[in-house]
Amino acid sequence: MINSNIDIQHRKVQLENLKSEGIVVGVFEGEKLEHPDLLALDELFDHGISTLIERNEIRGQAKEFHILHSLKSSFNKIIVLGLGKRKSFAKDSIRNFVAKGARTARKIAQKEVSILMSTFEEEAEVLGVIAAESLVMGLDRFETFKSKKKSDRDILETVVFLSNLDEKSFSAGLVKGQALGEGNVLARDIANHPGNYMTPTILAQRAKEVADHLGMGCEIMDEPELIEKGFAGITAVSQGSDENCKMIKLTYRGNPDSNEIDLGIVGKGLTFDAGGISIKPAASMHLMKFDMCGGAGVIGSAYIIGKLKPKVNVNIYVPSSENLLGAKAYKPGDVLKMYNGVTVEILNTDAEGRLILADAICMAVEDGVKKIVNTATLTGAVLGALGHVRTGLFCKNDELTDLVKAASNECDEKVWQLPLDDEYKVILGSTCADIANSGTRMAGASTAAIFLHEFCGDVPFCHLDIAGTAWVENLPTQYSFKPYLPKDGASGTVARTLALVAEKLQS
Ligand code: BES
Ligand code: MN
Ligand code: ZN
């Protein structure tokens with residue numbers, strides 16, 4: 001499964017008794033050492049930190065780091081990280097601090113590292129969550145297909161967080177944070193597997209492993225069954241591929257006293273998107289191995305939910321297919337009669353995500369879920385609007401919008417709401433069917449979301465378009481490196497947000 005392989009501990013700050021290969025501390029830009037723990041540490045280290053601050057060699061700027069050595073202290077090194085200016089410091093900066101500290105200790109071949117957390121003002125449990133999740137996320141690396149793996153040489157085993165906060169709350173936070181981190185890393189791992197190693201069949205297997213491991217239900221519908229039942233979207237998209245499509249459904253019952261399914265989570269699991277007959281240009285086509293990041297994200301959220309066990313009932317759906325150009329491929333001009341009776345004219349076979357999602361949404365509605373949150377690498381248009389910084393949020397229900405925004409804020413997977421006005425719907429007009437699957441270039445992220453709304457009936461529905469946030473590329477135009485995210489590859493985004501949505505719905 002996923003095993004972060006690191007022993008994560010919390011200990012009270014007792015610097016005199018501390019034995020450690022190295023201790024990580026943060027200093028703010030333009031400030032002298034003030035916190036008693038930092039002063040005590042400085043004292044034990046022959047005033048090394050304060051002297052270097054005075055000499056202006058340690059400035060505390062963001063991204064700055066120094067390794068100070070001592071031959072006589074009970075801890076051999078201090079890793080000093082710049083925290084930037086206090087006024088621009090935020091919760092997410094703590095994630096970067098922890099990840100950078102742990103990565104540095106790993107890089108310089110420490111077996112163990114202590115990280116001083118007492119300089120941060122968050123309450124104990126929140127800080128514990130942040131500490132563990134950023135540690136797990138920050139130490140993750142995807143090397144499955146590298147013959148020489150850096151991880152073979154890693155020796156980091158133990159990370160000890162030092163704080164004076166309540167022991168029990170901080171440790172409870174660590175357990176929760178570890179689950180959140182592992183769910184994120186699981187989502188990354190699934191998403192980083194390229195199309196030849198991550199077919200719909202393999203994706204379904206991975207989902208089943210998660211379900212079995214955590215005692216959840218798992219149903220997988222195969223292509224023939226989907227055809228027979230009239231799921232016209234996913235089966236049309238799959239026609240051009242020799243791989244069988246799958247509809248993956250996981251069921252979590254944290255509140256067995258209730259028959260209600262409080263939440264349905266849907267994620268696009270398009271394992272490779274060539275565009276179909278409306279083929280994509282070659283230049284960046286390989287990146288469409290990431291078109292299952294929504295599916296990977298929701299499986300990651302299932303993992304977290306299964307670990308945290310909130311008292312709530314959740315169904316998770318991943319429609320999974322390839323979008324290729326085989327001889328039987330669906331074609332521009334084709335008309336599909338969807339599961340709920342709506343007819344769709346295909347104007348562009350590259351607008352396939354909304355078709356496979358429509359079937360999963362119909363299934364969730366038929367199962368009687370009370371709310372739906374959908375996520376997908378759905379449109380290039382959302383990239384145009386929001387770039388790589390924020391996920392596009394589309395929702396007509398204010399209560400559900402607030403809920404998803406609250407979850408997103410808690411884990412700093414940032415979203416931005418975009419419009420769904422009825423006026424946009426004309427863009428999807430069709431002369432021969434009820435609706436077309438694509439329109440003009442105008443408002444492309446909104447029209448995709450409006451298309452999905454044709455299938456959710458009266459169920460409150462929220463869609464998250466992660467086309468810009470699902471993976472990181474090491475490009476000057478995109479790159480603003482966060483140490484707890486990968487330098488390149490899937491970000492695992494929305495796994496944490498969606499699990500927190502489920503947690504907030506518990507009774
Ligand atoms: N998977 C793509 C969207 C995408 C594009 C994700 C770039 C990440 C980066 C989706 O299936 C797609 O091709 N959408 C089309 C829709 C259009 C044909 C209406 C798009 O955005 O161009
Ligand atoms: Mn496409
Ligand atoms: Zn796609």
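Both counts, for ligands and for their atoms, begin at 1 and track the order of listing. Residue numbers run from 1 in the order of the sequence given. The figures here come from the full heavy-atom set of this structure, side chains too, leaving out hydrogens, waters and symmetry mates.
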To the nearest 0.1 Å, how far is [atom] from its closest protein heavy atom, and which atom is that?
{"atom": "atom 18 (C) of ligand 1", "answer": "N348 ND2, 3.4 Å"}
{"atom": "atom 12 (C) of ligand 1", "answer": "D350 O, 3.2 Å"}
{"atom": "atom 7 (C) of ligand 1", "answer": "M288 CE, 3.7 Å"}
{"atom": "atom 2 (C) of ligand 1", "answer": "D273 OD2, 3.6 Å"}

At under 4.0 Å between heavy atoms, is it the side chain or the backbone of [X] that contacts ligand 1, or both, or neither?
{"X": "D291", "result": "side chain"}
{"X": "R354", "result": "side chain"}
{"X": "K268", "result": "side chain"}
{"X": "L378", "result": "backbone"}

Which atoms of ligand 1 are found less than 4.0 Å from any heavy atom of [X]?
{"X": "T377", "value": "1 (N), 2 (C), 3 (C), 6 (C)"}
{"X": "S438", "value": "19 (C)"}
{"X": "E352", "value": "11 (O)"}

**Study point:** Distance flag, aromatic centroids of F145 and Y197, threshold under 6.0 Å
**Key:** yes
Point to revise | Nearest-option assignment for atom 8 (C) of ligand 1, heavy atoms, candidates F290, F451, W471 | key: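 Minimum heavy-atom distance to atom 8 (C) of ligand 1 goes to W471.
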Exercise for review: Compare G439, A467, G380 and give the one whose heavy atom is closest to atom 22 (O) of ligand 1.
Suggested key: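 Minimum heavy-atom distance to atom 22 (O) of ligand 1 goes to G380.
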Closest N/O/S atom of [X] to the Zn ion (ligand 3), by atom name?
{"X": "D291", "answer": "OD2"}
{"X": "E352", "answer": "OE2"}
{"X": "D273", "answer": "OD2"}

Review point. Taking the six-membered ring of F65 as reference, does the NZ or CZ atom of K100 fall below 6.0 Å from its centre and within a 45° cone about the axis?
Key: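 Geometry flag: set, cation within 6.0 Å and 45°.
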Check your understanding: Taking the six-membered ring of F481, is NZ or CZ of K487 closer than 6.0 Å to its centre and within 45° of its axis?
Key ->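 Pair K487/F481 counts as cation-pi.
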Check your understanding: So, Y317 and N374: side-chain donor and acceptor under 3.5 Å apart, yes or no?
Key ->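 No, no side-chain donor-acceptor contact under 3.5 Å.
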Electrostatic pair [X]:[Y] at N-O distance under 4.0 angstrom:
{"X": "K149", "Y": "D154", "result": "no"}
{"X": "K208", "Y": "D212", "result": "yes"}
{"X": "D273", "Y": "K289", "result": "no"}
{"X": "E454", "Y": "K425", "result": "yes"}
{"X": "K405", "Y": "E410", "result": "no"}

Review point. Taking just the N, O or S atoms of E352, which one is nearest to the Mn ion (ligand 2)?
Key: OE1
Check your understanding: For the side chain of S278 and the backbone of T349, is there at least one donor-acceptor N/O pair under 3.5 Å apart?
Key ->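 Judged by distance alone, yes, a pair lies under 3.5 Å.
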Point to revise | Verdict with reasoning, K268 to E352, per salt bridge (Lys or Arg N to Asp or Glu O under 4.0 Å) | key: CA-CA 10 Å; K268 173 178 174 182; E352 85 297 336; 3.0 Å; yes
Check your understanding: Do any of the N, O or S atoms of K268 sit under 2.8 Å from the Zn ion (ligand 3)?
Key -> yes
Review point. Which angle, to the nearest 10 degrees, do you find at the Mn ion (ligand 2) between O in D350 and OD2 in D273?
Key: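 It rounds to 170°.
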Point to revise | Qualifying residue, where the test is side-chain contact (heavy atoms from CB on, under 4.5 Å) with V136 and the options are I8, V159, I6 | key: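 Of the listed options, the one satisfying the test is I8.
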Exercise for review: Give yes or no for whether the N/O distance cutoff of 3.5 Å, strictly under, is met between K280 and ligand 1.
Suggested key: yes
**Study point:** Heteroatom N/O/S of D291 within less than 2.8 Å of the Mn ion (ligand 2)
**Key:**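 Given the 2.8 Å cut-off, D291 does not count as a ligand of the Mn ion (ligand 2).
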**Study point:** E223, E322, K328 screened by side-chain hydrogen bond (donor to acceptor under 3.5 Å, both in side chains) with S241, the one that passes
**Key:**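 Looking at E223, E322, K328, the match for S241 under the side-chain hydrogen bond (donor to acceptor under 3.5 Å, both in side chains) is E322.
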